[in-house]
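Quick note on labels: first sequence line is chain A, next is B, and so on, each numbered from 1.
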Protein chains: 2
Amino acid sequence: MANGNRGPSMHDVAARAGVSHQTVSRVLNDFPGIRPETRDRVLAAIDELGYRRNLAARALVTGRTQTIGMIGPEIPDIGPLSTLHGVERAARAAGLHTMMTSADPASESVREALDFLVGRGVDAIALVAQQRSVREALEGFDERVPVIHLLTGGDPAGAAASIDQRAGARLAMDHLLDLGHTRIQHVSGPPSYTEAQLRREEYGAAMSDRGLEPLEIIEGDWTTDSGFAAGSALDPTATAVFCGNDDMALGLIHALVTAGRDVPGDISVVGFDDTPASRHSLPPLTTVHQDFGAVGAWAVALMIAARDGLEPPSAELIAPTLVERSSTAPL
Amino acid sequence: MANGNRGPSMHDVAARAGVSHQTVSRVLNDFPGIRPETRDRVLAAIDELGYRRNLAARALVTGRTQTIGMIGPEIPDIGPLSTLHGVERAARAAGLHTMMTSADPASESVREALDFLVGRGVDAIALVAQQRSVREALEGFDERVPVIHLLTGGDPAGAAASIDQRAGARLAMDHLLDLGHTRIQHVSGPPSYTEAQLRREEYGAAMSDRGLEPLEIIEGDWTTDSGFAAGSALDPTATAVFCGNDDMALGLIHALVTAGRDVPGDISVVGFDDTPASRHSLPPLTTVHQDFGAVGAWAVALMIAARDGLEPPSAELIAPTLVERSSTAPL
DNA sequence: GGATCGGCTGGGACCGGTCACAGGCCCGCG
DNA sequence: CGCGGGCCTGTGACCGGTCCCAGCCGATCC
C-alpha cells in the first residue's frame, strides 16, 4: 500500500489475503464458485484494511455509475422538494444513489444542469418540469441518458411522473359547487406552470359543466404575499374562491379577514397542496392533498425501466384527494 | 471511436484535430503555452464530436471528484432544507458539485450515509447535525475526508456552521419582556435537538436575568399538531408564549382561538423560523428570522479550507433577527 | 557557428477496478 | 493409468483521463 494517502486498493487486499485481485473482485460482486474459506479470508482482509471499493475506477470500466441525477428548481417549493425527496428514498431502496443539482427555468440553465449530470455519468435523470420552458430545454437533447419529467401535471404523456392536476382541480371545484356556490373565483399560479394552466382550465370546465359563467381569473405567483394582494382584487359578488395553492389561500384569507369578511361565513376558500400550515390555519384550510412520495417512487420505476431498455410501464397519473376542513361552508 | 456506444474519448478528439491526447488535455485544463491555432483546432474537434470529458477517469487518477456530499434528515424541515439549498448554491458558485443523501438520526444510518459518500469519493461532507445522536455517529470516524456540521446551534465550537440559537431565543424573549410580560411560557422542540435545547436554556436565562421564575416548559415535536396540543396544556396565568418554531406557534394559536382567547389581545405568541406561512397567518406572526443561505455559504467556505488543508476561518455564528408582526402586544 | 534556452508538443506509465481468457487441481470414468 | 470435466483461481488487457519526462523547433547569445 505505497500509494500516497489514497487508502488501500484491491491489490492490497489481495496481497493480504494471499489471493489475486480478481478473486477479491469476485467476492465483492457476489460471484458464485468461491470456496467459503477463501471468501472469509478476503472478507477478513477487507475488514482489517478498512478497504473500500473505488467507484470511479468501477464506473470507468463499466460505464455505469449506479447514480441517478435530479434537477430541481432554484426556489424550492414544497411540491418539487417532496417529490425529489421521494425519488431519493425510492432510489436508495433500489440500490441507486442520487445526485441533485438545481436550475432556474431558463433553457440555458437547464441545459447546463443536464450537461453537468451527463458529464458526471448518471444513468438517468429526473427533471422537475413544472414549467413549459424547462421542457423546451430538452429539444434536441438526444443524449443516451434517459430523462424522466416530474410534475408536468399530466399534460404530455410519455416519460413523466405527475399528479393528476385536472382531477385535483375538479375535486376542489365540485366540492364548492356541491355546497351550492355559483359565484366561484379562481386565483391561479403563474401560467408558465403547466400545473397552474391545467388547474385554470379545469376551473373553467367545471363551471361550464354546470352551466355557469366563470369569473375573471386572478393571477398570483404562488406566494402568500400574492394571495394577500389577490384579496383586494376579488370580485365582490364571489362567494367562494378556489386558490391555486395553500400559500396563496392563506394570504387571501388574511386579506379577507382584515377587510372584515368572515371565512367561511361570508366566503369559502379552498387551497391546493395540504401544507403543514394549512392544518392549523384559521380557519383550518380545506385543500387538495397530493402524494408527492408516490410521484417520486413512480419516477424511479420509470428510470430503471428506461435505463435497462425495458418498455416503460404504462403512463399513469397519481390521484390527488380532497381534505375537507373548515374554510368552506354551504352557501 | 470504435468503442461500444460510450461516446467519443480524448483520443478521438486528438485524432480528429491531428494532435496528441496530451494536447487535448492541456486545452481542456487551460494550460498555458498552446499555440492559439492548435487550440482552436482542438476546440473545433471537441465541438464537432460532441466530446465530453469522462469524470470517472479523471477522478480515478486525480483522487479528487470536485464534489461535496451532504447528509440531511429523512424528514425535511424548512431549516435543513434551506441550508442544504444554500450549500448547493455556494458550492456551485465555487465550481463544486454536490451529492445529497439522507439519514435518520440513528448512528447506524448516519454511518451508512457517511460510508456511502466517502465511497463515492466526495472531497468533503456537510452533515446536518441538529441532534446530538447524529454527532455521536462520528465518534471514531477518522476518515481522510473532512466533515462540517450544520445547524448545531453553536454548541460545540469547531468545524460547524450554525445560527446563533441563544441570540435568537434572547431576541424573542427580550421582545416579550420589553412588552411587559412576566408570565411567559415556552413550548420547546424535542430536547434531542441541540437547537431546542439551547432555546430552552436561553428561555430560562432570560427569565432569571429579569428576576422572574420560569414557567413549566411544554415539550412539542416541531409539528403544527403538537402546537395545537400544547394549547390545552398552557399555564392559565401565562400572558405570552415563546414557541420553539413557527409551525407549533400556528397550531397553538389555532387552539387558543378555538378556546375563545384572542391573540394578541389576551395572550401574545412569538415563533421561530419565519416560514412563508407566518407572514400571513392570523394574526401575522412575530418570529425570529434565520438566514439559512448564509449558513450554507459559510459551510462551503469551511469545507474548501478543510479540503485544501488550510486553517479553518475562525468560527462564527450567523446572527438571527427579530421580525415584529402582529401576534404580540404590550401586556 | 554551435550551445543554450524557451515555447510547444508527443510518448508512455499509471490510477483501480472489471472483463475475457487461461490455466491448475481433483474427481470420476473407461 | 490416462483423460475429460467441474470447480476454483490467476493473468493480462483495458476503460479514459492526468502526470512526468523527453524531444522538436526556431531564436538568442557569445
* Asked: Hey, which of these two, A:His11 or B:Ile34, hits DNA chain C nearer its 5' end, going by closest nucleotide?
  ->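 In this pair, the answer is B:Ile34.
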Using whole Å, what does the distance between atom [atom2] of nucleotide [N] and atom [atom1] of [X] come to?
| X | N | atom1 | atom2 | value |
| --- | --- | --- | --- | --- |
| A:Leu49 | C:dG16 | CG | C1' | 15 Å |
| B:Leu55 | D:dG16 | CG | P | 13 Å |
| A:Gln66 | C:dG17 | CD | P | 16 Å |
| A:Asp12 | C:dG16 | CG | P | 8 Å |

Contact summary for [X] and [Y], nearest pair of heavy atoms:
| X | Y | answer |
| --- | --- | --- |
| A:Val19 | A:Thr38 | CG1-CG2, 3.9 Å |
| B:Thr23 | B:Ile34 | O-CD1, 4.1 Å |
| B:Leu150 | B:Ser162 | C-OG, 4.3 Å |

* Asked: Which parts of nucleotides 18-28 of chain D does protein reach within less than 4.0 Å, heavy atoms only, written one letter per nucleotide 5' to 3' as B for base, S for sugar-phosphate only and - for none?
  -> BBB--------
* Asked: Counting side-chain heavy atoms from C-beta on, which of C:dG10, D:dG16, C:dC8 comes nearest to B:Asn54?
  ->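 The closest nucleotide is D:dG16.
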* Asked: From C:dG17, C:dT9, C:dG10, pick the nucleotide closest to the side chain of A:Tyr51?
  ->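 That would be C:dG17.
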* Axis-to-axis angle across the helix from C:dG1-D:dC30 to C:dG30-D:dC1, five pairs an end, to 10 degrees? ->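 Its terminal axes enclose an angle near 60°.
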* To do: Run the salt-bridge test on A:Glu74 and B:Arg92 with the 4.0 Å N-O cut-off and return the result as yes or no.
  =>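 Salt bridge between A:Glu74 and B:Arg92, a charged N being under 4.0 Å from a carboxylate O: yes.
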* Asked: Under 4.0 Å between a Lys/Arg side-chain N and an Asp/Glu carboxylate O for A:Asp47 and A:Arg16?
  ->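 No.
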* Is any side-chain nitrogen or oxygen of B:Thr23 closer than 4.0 Å to OP1 or OP2 of C:dG10? ->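 True: B:Thr23 side-chain N/O within range (under 4.0 Å) of C:dG10 OP1/OP2.
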* Asked: At what distance, to the nearest 0.5 angstrom, does CE of B:Met99 lie from CD1 of B:Ile68?
  ->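 These two atoms lie 11.5 Å from each other.
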* Supply the atom-to-atom distance B:Leu114 CG to B:Ile125 CD1, rounded to the nearest 0.5 angstrom. =>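 If we round to the nearest 0.5 Å, B:Leu114:CG and B:Ile125:CD1 are 4.5 Å apart.
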* **More than 12 heavy atoms of other groups within 6.0 Å of A:Arg307 CZ** =>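 Atom CZ in A:Arg307 is packed in, count exceeds 12.
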* Is a side-chain N or O of A:Asp77 found less than 3.5 angstrom from the main chain of A:Gly79, in a donor-acceptor match? ->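 Side chain of A:Asp77 to backbone of A:Gly79, a donor-acceptor pair under 3.5 Å: no, none is there.
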* So what does B:Leu60 hit on the nucleic acid, given a heavy-atom distance under 4.0 Å: a base, only sugar-phosphate, or nothing? ->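 Result for B:Leu60 = base.
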